[in-house]
Amino acid sequence: MSILNKNLADKSSFFDGINRNVILAIIILLSLVGIYLSAPKKTARLLKKTWQVQASEVGVGSPRLTDINNDGVVDIILGAGFEWSESGDSSLMAIDGKTGDRLWRSIVPEAAYATPILVDVNGDGILDATASGRFSDVLMLNGANGDILWQLSKQNPDIDLLPCNFNSPSILPDLDNDGVADFAVVQGGLANQASTFKMYDPETNALLVESNDKNQIEKVLMGLVKHNDAASFTFRVCNHIECEIKTLHRDMIKYYSFNEIQKELFLDQEGPGGRLFVVSSRSGKVLANYAVPKDRESWSSPIFTTINGQRLLIYGSGGERHNGFLHSQNLDDGAIHWSIPTKKKGVLSSPLLYAENGRQAVVAATMDGEVYKIDAATGAVVWAATVGPEYETYSSVAIIKNKDKSYSDIVSVFSFGVFPNYDSSSLFVFDGRNGDIIFRKKIGYCHGASSPLIADIDDDTHDDIVLVTCTNHEPRLIVLNNAFDQIFSEPLPSGSFATPAISDIDSDGHLDIIVPSYHFITRYSTEKKARVPHSLPWPEYRGPFWNGVSP
């Protein structure tokens, strides 16, 4: 063997040894490094779970924060009860912020989905709370023990209240000079109240269905399909004194869900429109009340502002199947200041008011997949943006200050689908000056998400976005930083329609996030103590002043 061949053989033997003894270890090490680098990084150190407790029927009402038991730690007041709840299950309740224990629970007639306002009505130094929702009354409850201080219907026996929901109130200045801030609240109207639903044969006038009963309706429809080979069926559908002719195709009856049939069968609006009430918080007396313009339903919470000496309330109207308006209404006489019509569906979410360049602007999202920015003084449309008619929303908007901009942008959440069926939710951020979509992210395969909140969670002095996503399919609490990177995501025990609340509830320098979900309440706290004062520009539903106005 030549010297060259011998050297090559020795090197081959050397590398064979490396292959046997080293290379496998190197490959394993590189693989582990690759897995580590490609794996999503855990962000659990941003927030920790302080406590989590079971609380019956919560998850529909958003929390308000106040110290009830005078222990120096802020407590939680929120509504409970679902659309399907049994009698006695719905309530307004108070939760101890330190431990999660229940302080009191006051039964209400049906689901208390509305977010309360808090005012000291009886002068004991503890804030009292409104209770409203899927029932035809408003209650003022003693913040110390949950006892009823007054009831709207009993304080105003001369006013006929509609048999339907009262939405989330909005706090007002002290209008009647009794030393207590007052409030405005919308009674939503009978658009979704089908207690007087009836269905007739339009030719014979025979009564086919006498109430909004799913089993009764399906039995009649399937009987028609079984005994009649017609391609479609026509009905006269009535609610109260309003009637419309509706047609259902045979295949829809046979193959579509009841929800889809209901959308086609029910009236676009099944009764009278809503009413706006201005109420004295101390006495429960109605100071003024006006019809929602254009006889529309409304699920909105009003904004109060004063422009050129006029005291105005700005809110939305319309429904899931009926168009509506974003409008400004004079508080003193009910006159319309300005009105912006929507296209096919309404403004179910509540608008936001903020100041920009010395002028007030209103921003609101619609069920048509649109976001409007309006000059609050004139009603002029500054811009209108769309995410597409295939998107709808119940979530209210928020504004966020980007660290590289001198003006605020608009944050909104939309669900993909058509009421009542949605398959995903997405977060959108719109440029505040022109309405361009500057960020979009699918945040869950689910029915919907909470309204977004804005706070500095990561202690970098810049605004972050906080929200709960999904009412099913793995509900989560998520946080996005000022660059819209997701910096926290943690599964919740159940879904929710409620918006969380953010505050340093025990003044220890750690921000807390209170998250209601179905039958649970969770308190999260930031792991690290803040180095700078907390920035909380939009920490609760309807903002820091509970009136839809951004500071």
Side-chain angles (χ1 to χ4, degrees), residues 60 83 110-111 113-114 132-136 162-168 185-197 212 237-244 246 258-277 290-302 313-327 329 336 339-351 364-372 386-387 389-397 412-422 447-448 451 471 497:
V60 295
E83 192 171 352
E110 292 185 64
Y113 68 76
S132 56
R134 201 175 294 277
F135 52 98
S136 57
L162 296 169
C164 62
N165 59 284
F166 272 95
N167 300 323
S168 297
V185 64
V186 175
Q187 190 175 26
L190 291 171
N192 287 329
Q193 167 61 263
S195 60
T196 61
F197 175 87
N212 178 25
V237 177
C238 300
N239 201 317
H240 297 276
I241 61 173
E242 299 183 34
C243 297
E244 294 178 14
K246 296 288 185 177
F258 180 74
N259 282 335
E260 295 298 316
I261 293 172
Q262 188 180 49
K263 285 194 299 182
E264 296 296 322
L265 194 60
F266 279 22
L267 304 185
D268 287 335
Q269 183 163 313
E270 298 155 359
R275 293 196 70 84
L276 171 67
F277 291 87
Y290 305 106
V292 172
K294 310 292 185 182
D295 199 35
R296 291 299 197 269
E297 64 175 305
S298 176
W299 296 86
S300 195
S301 181
L313 294 168
I314 302 170
Y315 59 105
S317 68
E320 289 104 342
R321 303 185 297 270
H322 200 8
N323 75 326
F325 298 83
L326 179 66
H327 53 252
Q329 187 172 17
I336 303 303
S339 183
I340 308 296
T342 58
K343 293 177 179 177
K344 295 181 179 180
K345 301 177 183 181
V347 185
L348 272 75
S349 62
S350 299
T366 80
M367 292 291 281
D368 288 315
E370 295 186 322
V371 173
Y372 288 91
T386 181
V387 298
E390 64 273 19
Y391 285 93
E392 300 180 351
T393 188
Y394 297 86
S395 301
S396 298
V397 299
S412 187
V413 173
F414 283 87
S415 296
F416 183 83
V418 177
F419 169 80
N421 298 314
Y422 304 102
H447 184 278
S451 297
T471 52
F497 284 107

Exercise for the section: Step by step, work out the side-chain contact (heavy atoms from CB on, under 4.5 Å) result for Glu320 and Tyr394. Expected result: CA-CA 10 Å; Glu320 289 104 342; Tyr394 297 86; 2.9 Å; yes
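- Between Gln187 and Asn165, the closest heavy-atom pair is CG-O, 3.1 Å.
- In terms of heavy-atom proximity, Lys294 sits nearest to Arg296 at O-NH1, 3.0 Å.
- Inter-residue side-chain proximity for Pro293 and Gln329 is flagged as met; some heavy-atom pair is nearer than 4.5 Å.
- Between the side chain of Ser132 and the backbone N or O of Ala114 there is no donor-acceptor pair closer than 3.5 Å.
- Aromatic ring centres of Phe277 and Phe166 lie closer together than 6.0 Å.
- A distance-only check finds no donor-acceptor pair linking the side chain of Ser300 to the backbone of Tyr315 [under 3.5 Å].
- Partners of Ser395 by side chain to side chain contact (heavy atoms under 4.5 Å, CB included), not counting sequence neighbours, listed by chain and number: Thr393, Val413, Ser451.
- A distance of 6.0 Å separates CZ of Phe414 from OG1 of Thr366, quoted to the nearest 0.5 Å.
- Here the closest non-hydrogen pair linking Ser168 and Pro302 is O-CD, 4.4 Å.
- Met367 CE to His322 NE2: the interatomic distance, rounded to the nearest 0.5 Å, is 14.0 Å.
- The two residues Asn167 and Ser298 come nearest to each other via the heavy atoms ND2-O, 2.9 Å.
- Side chains of Glu370 and Lys343 form a contact here, defined as non-hydrogen atoms less than 4.5 Å apart.
- Between the CD1 atom in Ile340 and the CG atom in Leu326 there is a gap of 7.0 Å [rounded to 0.5 Å].
- Side-chain atoms of Ser317 come within 3.5 Å of backbone atoms of Phe325 as a donor-acceptor pair (strictly under, hydrogens ignored).
- Ring geometry for Trp299 against Tyr113 counts as tilted: the plane angle lies between 30° and 60°, on a 0 to 90° scale.
- Taking every heavy atom of both residues into account, Pro351 and Gly316 meet most closely at CD-N, 4.5 Å.
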Exercise for the section: Carefully, step by step, assess Val418 and Lys345 under the rule side-chain contact (heavy atoms from CB on, under 4.5 Å). Expected result: CA-CA 11 Å; Val418 177; Lys345 301 177 183 181; 3.6 Å; yes
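- Between the side chain of Thr342 and the backbone N or O of Asn323, no donor-acceptor pair lies under 3.5 Å.
- In this structure, OH in Tyr372 is found 8.5 Å from OG1 in Thr386, a value given to the nearest 0.5 Å.
- In terms of heavy-atom proximity, Val292 sits nearest to Val186 at CG2-CG1, 4.1 Å.
- Annotation: the span from Ser301 atom OG to Leu313 atom CG amounts to 10.0 Å, rounded to 0.5 Å.
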